Each structure stands twice: as structure tokens, then as C-alpha cells.
Amino acid sequence: MSEIEARRLKAEEVGHEKLILNLGPQHPSTHGVLRVITTLEGERITEAEPDIGFLHRNFEKIVEGWTWSQVIPLTDRNDYLANINNEHAYVLAVEKLAGIEVPERAEYIRVIMSELNRIASHLLTFGTFAMDMGAFTPFLYGFRERELLYDIFEKVTGARMMHNYVRLSGVRNDLPDGWDKEVLEFLDRLENDVIPDYYDLLIKNPIFEARSLGVGVLTKEDAIAYGAAGPILRGSGIDWDLRRDMPYSIYDRFDFEVITREEGDHYARFMVRMDEMIESAKIIRQAFEQMPEGPVMGKVPRVLKPEGDIYSAVEGPRGEIGVYLVGDGNFKPYRVKWRAPSFSNLSILPLMAKGQFVADIVLTIGTLDPIFGEVDR
Amino acid sequence: MDVSKKLRGTVRIQEAPMTDVKVMGSQESEIAPGVWQHAPGVVTTSLQTALNWGRQNSMWYLTFGLACCAIEMMATGGSRYDFDRFGMVPWPSPRQADLMIVSGTVTEKMAPRVRTLWEQMAEPRYVIAMGACATNGGPYHQGYNVVDGVDKVIPVDVYVPGCPPRPEALLYGVVQLQRKINVAGKQEPEKQKQEKVESEAVKEDV
Amino acid sequence: MSEINEKVKGRLIEQFPGVEVSETEFGQVEVKAPKEIIADLARFVREELDFDYLTMVAGVDYIEYLQLVYHIRSLKDYAELIIKVDVDSENAVVASVAPIWTGANWHEREAMDMFGIQFEGHPDPRPILLPEDWQGGHPLRKDFIDKRPKRERQFRTR
Ligand code: SF4
């Protein structure tokens, strides 16, 4: 027996010490202010416990003092990567509750903007996930395209991120002339140049595959039991998309595929996002073709005093954004409950991290893609 | 002086007020105020000017995103706006960082952590409050868990308004901070001092 | 869609004669149940009626009483179910549904923070969103007052 081997055996006899490691709240790869308390045995995680609430901004309490339409700009800031989707979720709920009609053209504009926002969000996820893996360049590539999208948004809404564009019974203003051409150009570029570029740059890379294939597997049963949403649900092989299965707005008029993958690992979730961008592009193209002329704002009663309660949901980039509203016949909402997809998604982390290497938990957080504005609200 | 012995060469560093460095026939450089040129290739300056010059052109900022403004901070560090032009490098550890960009809402739970991070940074350290939330609570100032402005927790050098500020605004804030660093620790020029005294005298008269 | 709703309503009334079952104008089945049977109801709904996906647990403060709202989907039948349970404000204790839908864990912890509702049989009853040393009460109750002391502005000393 060589000396090294003897030493190794001795070390095994002694056993490994347990180590408690704190990740965050300031950690370059926790995507915001998440703290994870991990218990390690060697390099394996035996227990991971997320500690959240560092960005608890009291959205639900503050809006109880505001009028129904004042809430819209604040919903932007919940999931700050899916601004239009958030506005859409809230506005849709109020419209249903108060029985407000929306003009046809406004519906189309909402769909186009929502899908563009989904692309923007997935582009950022692409970049940050690669950064978690140690590759910095894809982040710059992701932002190159996002800047183009920012320009497109800016032409319509005037803002880069916080649009405050969707209004009760419509949208704030019509699309500027020639805007659709720009969008279509962007989509062509996305499909023909950008995404193939990304494949060459990152996805075909052997290191990328080695670190993502078969790592962090989430089974179908667990995904449903934890209420996982969006790409995480679909990455585990569950064919569920609110846009198709419980169509809201005008999503039943478009022909698109719901991307699913059976494996449930990092790679599957990542690829679901990549493919969803292409599906979004499809929807936008169809929407431009079908879009009628007409007004973009309908009639809203001057004093809005809806009564009753409602749960309504839309499919955001991270999954089901649900809004539960209670109105008591007053000009202010009585209760606004925000069902945030990231909140449910993040609650799976202890399960997924168990038994992983400590280096992989960073990637797990990356694919769960939590946004803390929305987790903590 | 040890430093000047070590660094003797083309740049001579003296610890002396700027006004004493003037030598007959030398002139102040136009592009770098505070640097005096005596002969081709020979310049002198005060230690403070040299230090400030170094500090202002390599501010490493802590990668520390709090909320929505962090996305705009990332955009500023990203492809189009490119923070690196100003010598700014994102740095994950507070120990080596010079600048903390507080980008987002500070809550009661986060405030002690922000303070700790700031205390872990080495002097000289600078803080930029980015966005309405870090300045005074912004849209969330009514919240029961929101600290109305990060200046209640740590001292702030530059405030950048906006919700979120555009990258141009953040860059402007950084340039302002560079100007602030540039004048730090220098003696006030005689002329300004006199003006100040005069203006105070006027106040007393009134 | 409505066929399934009819079926769900029929089964619920058959199994739990006491509960109020109705259908909202947005095509969701709504059940108002007393808090004693919530665990049985949840198990029945999960196992017999295939409502497997819990989206949210929301608390509402109606001043005289608190209400818990569970929204559950059936991914197989494309149906939605809302369960409403009234809870006493003073003595707010209710059985946890986290053993039935694992995802309810965090949602219930949130309701615990915000409304002070205690969940019996919850696997991990700790605060989640509020700071560890929070003393201020339950923020989303209507009678909540923010009693934090004012903070002083900090200035640079060197
Ligand atoms: S200032 Fe606005 S954008 Fe920035 S963190 Fe606050 S709410 Fe978000």
C-alpha cells in the first residue's frame, strides 16, 4: 500500500466534517439578493435553505392605498424583466372584474409587446446563465440584442424598462409608423443570425453540455407538487401553457407550439427558453398580419368602483403570473395578491440542491431564474 | 522622503502644496491641472494629485445588484455603454472594491448587510445611490419595510435620479464622482479662500 | 369546460353536504368551506378530483374575520377551483395543506407572516419575508401601523 493511499483511507476513517456555507445575499451569481445557507459534506450539499425577503418592498400593502389605475406602474417593478406581462396580468384582472371592453387593436398591441418582452427576458436569462457557468462573453451578446429591443420599446413607450404602457381598456398610444418593419427586421436577425450564433458560441460547447446535461433533474411529479411554472414546468415534460390551455386575451387566434422537454435538467430548461423565443417571434409575425385598424383605447368609467373578487392569470416569461383582486366597491383595491411564478419556482431549490456539488447550486439558481422583485414583492 | 526616492524618474512626487512646486520657467500642463512641466520629459506634481489621478481612473465597483436598477447597471456594464471606458471593473469582493453602486431598494432586512459590506470596503471608498429608491425610497417610500434612502445607512457621495436611471445618467454620475475625487484633499486656492472670507463678511454686515 | 365544472360540483356536494358550492362568472368552481374540514376537503380534491396544481394561498383581512383563499388547477381537466375558508381573527388557527400540495409550504409561511395565521401540521413554520427580528405585527392586517423610529441621515466623515 502506498503512502498516499494509506493517508486516503485514514481520512475516510476520520470522516468528513460538516461545513456550513453561506451564499449571499451579496453574491455575484445569486441573481439578486438571495441567501442560501448550505450544509456541505465534502463538496456535496446535504441541505440547502434559501433565505428570502431581502427585497420585500410591501407592494401588496402600498397598493391598498392607491386607486385602481395607479397600481399599474408599480406592477412593472414586480418582475422587472417582464414589465409588460405584469401590467397585462393586472389590467386583465381589473378589466374582468369591472367588465371593461378592450378594442381589438389594443389586444393585438398588448400581445406583440408581451411577446417582445418575453424575448427580452429570455435573452437576459441566456446571458446570466452563461455567466453563472463562468462564460462572460454570452452576457455581452445577450445585452447586444437587448439594447436593440430597448430601442424598439423606447419608440413606443418612451421608456427602456418601466413602460407603464398598458392601460385599463387599452394601451396608452398607438404604434408609430414604420415600427412593425423594425420589429420584423429584428425578428429576422434573431432567428437567422443571433440564435445560430448562440449555438456556436455556447450551446454546442462541450463544457456547457457537461455541466448542464443530466444535472439538477426535476421530476414531473415534483414539478407539479411544488407548483413550478413556465419553463421549469415545461422543461420537466409537462405540456402546460396558459396561452394555449386557458387562453386569455386573444391568444386563441395564433398558431404556435408549446415547447416541452422530457429530461428536466438544466439543459432542458435552458433549451425551452431558447426555443420559446422562436415561438414568440412566430406569434408576433401572425399578430402583425392580423392586426386591424381602429382605436387603441376604449371607454372606462370615470369612477371605477368594482366589487367582488377574481383570480386571473397570464403566462409570463417565468410562468403563471396570477393576480387575486378583491374590490369592495371603492376606488381603491381592497386586496391585491400577486402570485409570483418565481416564488413557487424558488421553493424547489432545497429539493434540487440536495446531493449536488456546491458549484452546481449556482447553476440551479440560474436555471430557476428567480427575480427577487417578484419573489419578495 | 522615501516615496520620492523610489519614484525618482520622469515623474517626481513630492508631498508639498501645489503652489510650492512652481519653479522658475516651468508651466502648468493644460490637460492635467496640478502637473508642472519643467523641461521636456520632466514633470512634478503633488502626491495628492497623483493619488487622485490614480483613484479616479480605476474605480472598481462592487457587483451588487439590489433590484430593478441593477438591470440598468448591468446594461451600463454591457455592450453598448461599456463601463470599462472609465476604468471601471466589476469586482465581486468588497475588500478590493472602491465604489459601491447601490442599485435598488434597501429594506430593513438588507440594511445591516449593506452596512457590513460598506464597512468591509477599504478606504477611500465611494458610494453612488442609483435610482429613486436608493435616494429616498422612490415609489416604495410608503412601505413598512423600506428604508427611505440608503443615506440613512451609509454616507452617499453622488445621487443619480431616475426610476431606473438611464445608463447615460449613471455614467454622468460616475463622471461627477471622478470630479469629486479629483479635488479631494487638495488645498483650496488662495483666491477662492479670499472670496469666501469676503462673502462671509458681507453676510455679517447684513 | 362547464361539464367538468358540473361534475366537480356534483362530487363536492355529494361528499361534503354542508359546503356552499357555486360557479363564478369566470368559469371557476368556488367552494366556501368551514375551516374544520379543510384538510379532508383538500385531500379529497387532490386525490379524487385530480386538482393537483396549487397556484396560490392568499389571505384577506375582512376586519371581523380573516379569509384564506386557495386557488387550485387541474392540469389534466383544465379546470380551476377556488376554496375559501373563514378564520377567526383573534384565534387564527387552521390545518395546513402543505402535506397535500408541497408547494403550499412557502405560501402558508407568507400568510403566517402577513396575517398571523397559524397552520397546524406545517412542516416548517418560520417567518419567510419579514426580517428575523421583526416585532412590528402582521403588516397586511388592516389595523397595522408602521411604528419604526425615524433614521438619521449619515454623512461622510472623511
Ligand atoms: S428606483 Fe425604480 S427602477 Fe430603481 S430599484 Fe427603485 S423602483 Fe426599481
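Worth knowing before you read on, the calculation uses all heavy atoms, side chains too, and leaves out hydrogens, waters and symmetry mates. Model, not experiment: these values are computed from the prediction. Chain identifiers are assigned alphabetically (A, B, ...) following the order of the sequence lines, protein sequences preceding nucleic acid strands; residue numbering begins at 1 within each chain.
By number of non-hydrogen pairs under 4.5 angstrom with chain B, the leading residue of A:Lys61, A:Met161, A:Arg160, A:Met162 is A:Arg160. When B:Val114, B:Thr105, B:Val106 are compared by the number of non-hydrogen pairs under 4.5 Å with chain A, B:Thr105 comes out ahead. Of all the listed residues (A:Gly53, A:Gly127, A:Gly142), the one sharing the greatest number of non-hydrogen pairs under 4.5 Å with chain B is A:Gly53. For chain A, the option among B:Gly78, B:Pro139, B:Ala75 with the highest count of heavy-atom pairs below 4.5 Å is B:Ala75. If you tally non-hydrogen atom pairs under 4.5 Å between each of B:Leu66, B:Val146, B:Asn145 and chain A, the highest count goes to B:Asn145.
Under the 6.0 Å cut-off for aromatic ring centres, A:Phe129 and A:His122 do not qualify, their centroids lying 6.0 Å or more apart.
Residue A:Leu148 touches chain B through both its backbone and its side chain, counting heavy-atom pairs closer than 4.5 Å. Only the side chain of B:Leu117 comes within contact range of chain A, with at least one heavy atom under 4.5 Å from a heavy atom of that chain. With a 4.5 angstrom heavy-atom cutoff, B:Pro94 touches chain A only via side-chain atoms. For chain B, the nearby part of A:Phe139 is the side chain; its heavy atoms alone come within less than 4.5 Å. Neither the backbone nor the side chain of A:Glu60 comes within contact range of chain B, judged by heavy atoms closer than 4.5 Å. Neither the backbone nor the side chain of B:Ala70 has a heavy atom closer than 4.5 Å to any heavy atom of chain A. With a threshold of 4.5 angstrom between heavy atoms, A:Leu124 approaches chain B through side-chain atoms but not through N, CA, C or O.
For A:Ser121 and A:Arg318, the side-chain atoms include at least one donor-acceptor pair closer than 3.5 Å. Side-chain polar atoms of A:Asn22 and A:Arg35 form a donor-acceptor pair below 3.5 angstrom.
The shortest non-hydrogen separation linking A:Arg57 to B:Tyr140 is O-CD2, 3.3 Å.
Looking at A:Arg118 and A:Glu115, a side-chain N of the basic residue comes within less than 4.0 Å of a carboxylate O on the acidic one, giving a salt bridge. A salt bridge links A:Asp151 with B:Arg80: the closest approach of a Lys/Arg side-chain nitrogen to an acidic carboxylate oxygen falls below 4.0 angstrom.
Of the residues listed (B:Met100, B:Gln56, B:Arg55), the one engaging B:Tyr126 in a side-chain contact (heavy atoms from CB on, under 4.5 Å) is B:Arg55, and it is the only one.
Annotation: cation-pi pair A:Arg146/A:Phe143 present, NZ/CZ under 6.0 Å from the ring centroid and within 45° of its normal.
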